[in-house]
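Inspection log for the structure reproduced underneath, given as structure tokens.
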Amino acid sequence: MKLTELLERLTYTLEGSKDIDREISSIEQDSRKVQAGCLFIAVRGTNVDGHSFIPQVISAGASAVVCETLPEELSNDVTYIKVDDCNLALAMLASAWNGYPSEQLTLVGVTGTNGKTTIATLLYRLFSKLGYPCGLLSTVCNYVIDREVPATHTTPDPLQLNMLLREMVEEGCAYAFMEVSSHSADQKRIGGLDFDGGIFTNLTRDHMDYHKTVENYLKAKKSFFDNLPAKAFALSNADDKNGEVMMQNTKARRRLYSVRTGADYTAKIIEEAFEGMELQFSVGGKALCPVVTHFVGRFNASNLAAVFGAAIELGANIDEVLVKMSELVPVNGRFEAIRSPKGFSAIVDYAHTPDALINVLEAIKEILGDKGRIITVVGCGGNRDKGKRPIMAKESALRSDRLVLTSDNPRFEEPDEIIKDMQAGLDSEELRAKTISITDRREAIRTALMIAEKGDVILIAGKGHEDYQDVKGTKHHFDDHEVVREAMGN
């Protein structure tokens, strides 16, 4: 592709060789991948600044460089493209390189602390059931219609992201649904994408290791809505205190969903059990026919209200949507129940924030009543926000009859030290008395199952769909589901 085509929508100034009619062989942000004729974007990362690699990429044959600061020495053979923000430039160039694929799809983004994966995945499944070829970009797995593409990040880097969107276009997708992480919004990975809708789930403490403050975290999420075009819809959770804040500056049409108050789209729980719940959806205050679903808990009722509202905003037929929603099933690792022959149940869930844990435990408590005990197995990830560790232990202990603290993905931290951070939240003798600590996660799960009796429910939280444990930079195979079934003799 000619450089002039790539730069069409970019604001820039030129230095060095000002030849923008030259052919570009590829675009790269990784200096190790640069080859002759490449366009290199010098992105400033959290650990490495791409500007320091400019001499190296020129030696490797890069014919053009996008940068925020010009190097001291300029080559007359290289076109230097000076921009204000290399992160945004990378996203826009990746979109241009792939022929602006998001403009050829109906693209909907989902952001928030909890519920992103569930809502994006259920929209993908719903519209697939409605007969549309769809794509999905999520934490668990990416899909191009029914072809799996393994996921490495909640939101891929701009080059991977636009390549996947290009594949979706080429394979005939009409819709694409994607999770939008706070990191991706802050780092402009979604810059240049043409969204037709945005959904906000909720905002609670998470990723403080990166954002440092809740305010910064909120601003990152809000920037997604600030940049939505007027043609798009912005669907926000009226039950979250930040729901209205997200939409303050958006140009998109504003819509609210709720399970607690009046809103454009609501879902009311009529009846629930561990097998599912009956919901009554409403549009603009008008109640519709009840729907029996395979989901459990108020938090899932909220997720389904968002899915329902988004489907209607996208023009789907209400009656068809209600029928197909009754066929949807939970996402892998999200409130997955495994029944023991001994009469108790284990629930595997991805809950890895205080709010997510509270939501799942409250849902279990509401259904269980006084018919059994709640036994919780939970850990915290290493090299992540340490501040939430004592909170997660305390909230779990308050809502459980027995608590087992264990390891999650310790990464480069010592698991025992992470558990000590969690134990600091157990600030009363009552909470400490019901808690045991078992560093080995397999043994922790087995122990919880051994002490369970008929009618009890064991929540195994934190990893959900993950089939590995990250220890010292190596991912070892580990699947909570497998450990549970093996221990149950299933």
Using side-chain heavy atoms (C-beta onward) and a distance below 4.5 Å, is [X] in contact with [Y]?
X	Y	value
His352	Glu466	no
Arg334	Val140	yes
Phe344	Met488	yes
Lys268	Thr266	no
Glu215	Leu218	no
Asn162	Pro101	yes
Ile419	Gln423	yes
Val378	Met422	yes

For this session: Would you please classify the geometry between the Phe177 ring and the Tyr175 ring as parallel, tilted or perpendicular, with 30° and 60° separating the classes?
Result: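 Because their plane-to-plane angle is under 30°, the rings of Tyr175 and Phe177 count as parallel.
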
Nearest-0.5 Å distance that lies between atom [atom1] in [X] and atom [atom2] in [Y]:
X	Y	atom1	atom2	value
Leu93	Ile27	CG	CD1	5.5 Å
Met246	Leu256	CE	CG	13.0 Å
Asn237	Asn202	CG	CG	6.5 Å

Got a list of side-chain donor-acceptor pairs under 3.5 Å for residues 444-457, not counting sequence neighbours?
residue, atom, partner, partner atom, Å
Arg446, NH1, Glu443, OE2, 3.0
Arg446, NH2, Glu486, OE2, 2.9
Thr447, OG1, Glu443, O, 2.7
Asp456, OD1, Arg373, N, 2.8
Asp456, OD2, Arg373, NE, 3.1
Asp456, OD2, Arg373, NH2, 2.8
Asp456, OD2, Glu453, N, 2.8

Verify, without hydrogens or angle tests, whether [X] (side chain) and [Y] (backbone) share a donor-acceptor contact under 3.5 angstrom.
X	Y	answer
Lys116	Gly112	yes
Asp408	Cys380	no
Ser223	Ala220	yes
Arg147	Asn142	no
Ser400	Ser396	yes
Arg254	Met247	yes
Thr121	Thr117	yes
Ser407	Pro410	no
Arg432	Leu426	yes
Ser52	Asp49	yes

Exercise. For atom CD of Glu244, is the number of surrounding heavy atoms from other residues, nucleotides or ligands below 6.0 Å larger than 12?
Worked result: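 Result for CD/Glu244: open.
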
Problem set entry | Neighbour count >12 (heavy atoms, 6.0 Å) for atom CD, Gln248 |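 Enclosed: over 12 neighbouring heavy atoms sit under 6.0 Å from CD of Gln248.
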
Taking every non-hydrogen atom, the tightest pair across [X] and [Y]:
X	Y	answer
Cys86	Val66	SG-O, 3.8 Å
Met277	Ala301	CE-N, 3.4 Å
Ala397	Leu431	CB-CD2, 3.8 Å
Val296	Gly276	CG2-N, 3.9 Å
Arg166	Asn98	NH1-O, 2.7 Å
Asn303	Gly115	OD1-CA, 3.9 Å

I need the full list of ring-ring contact (aromatic ring centres under 6.0 Å, His included) pairs touching [range], with sequence neighbours left out, sorted by first then second residue.
range	value
residues 382-440	none
residues 247-275	none
residues 218-251	Phe195-Phe224

Excluding sequence neighbours, so at least two apart, what forms side chain to side chain contact (heavy atoms under 4.5 Å, CB included) with [X]?
X	result
Ala356	Asn114, Ala351, Thr353
Asp467	His477, Asp479
His294	Val329, Pro330

For this session: Name all residues meeting the ring pair (Phe, Tyr, Trp, His ring centres under 6.0 Å) criterion together with Phe295; count only those two or more places apart in sequence or in a different chain, and write none if there are none.
Result: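 Residues passing ring pair (Phe, Tyr, Trp, His ring centres under 6.0 Å) with Phe295: none at all.
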
Exercise. Is the closest side-chain donor-acceptor distance between Asn409 and Lys475 under 3.5 Å?
Worked result: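 Asn409 vs Lys475: no donor-acceptor pair found between side chains.
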
Exercise. Going by the salt bridge (Lys or Arg N to Asp or Glu O under 4.0 Å) test, which pairs reach into residues 226-240, not counting sequence neighbours?
Worked result: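 Non-adjacent pairs meeting salt bridge (Lys or Arg N to Asp or Glu O under 4.0 Å): Asp194-Lys231, Asp196-Lys231, Lys222-Asp226.
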
For this session: Enumerate the residue pairs fulfilling salt bridge (Lys or Arg N to Asp or Glu O under 4.0 Å) with a member in residues 82-92, sequence neighbours excluded, ordered by first and then second residue.
Result: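 Applying salt bridge (Lys or Arg N to Asp or Glu O under 4.0 Å) to every pair that reaches into residues 82-92, excluding sequence neighbours, yields Asp85-Lys188.
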
Problem set entry | Residues which pass salt bridge (charged side-chain N to carboxylate O under 4.0 Å, His left out) with Glu148, listed by chain and number, not counting sequence neighbours |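 Applying salt bridge (charged side-chain N to carboxylate O under 4.0 Å, His left out) to Glu148 gives none.
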
Exercise. Cationic tip of Lys33 within the cone over Phe40's six-membered ring, i.e. under 6.0 Å and within 45° of the normal?
Worked result: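 No - Lys33 does not lie over the ring of Phe40 by the 6.0 Å and 45° rule.
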
Do the charged groups of [X] and [Y] touch, with an N to O distance under 4.0 Å?
X	Y	result
Lys472	Glu414	yes
Arg298	Glu272	no
Asp480	Arg441	yes
Asp30	Arg32	yes

For this session: Take Leu459 and Ile375 through the test side chain to side chain contact (heavy atoms under 4.5 Å, CB included) and record every step on the way to the result.
Result: CA-CA 6 Å; Leu459 171 63; Ile375 303 167; over 6 Å; no

Exercise. Between Ile190 and Met178, does a side chain to side chain contact (heavy atoms under 4.5 Å, CB included) hold up when you go through it step by step?
Worked result: CA-CA 11 Å; Ile190 55 171; Met178 68 177 286; 4.1 Å; yes

Scan the side chains in residues 358-367 for donor-acceptor partners under 3.5 Å anywhere in the protein, sequence neighbours excluded, and list what turns up.
residue, atom, partner, partner atom, Å
Asn359, ND2, Asp355, O, 3.4
Asn359, ND2, Asp355, OD2, 3.4
Glu362, OE2, Arg399, NE, 2.9

Problem set entry | Pair Leu304-Leu122, side chain to side chain contact (heavy atoms under 4.5 Å, CB included): steps then yes or no | CA-CA 8 Å; Leu304 290 170; Leu122 293 184; 3.8 Å; yes

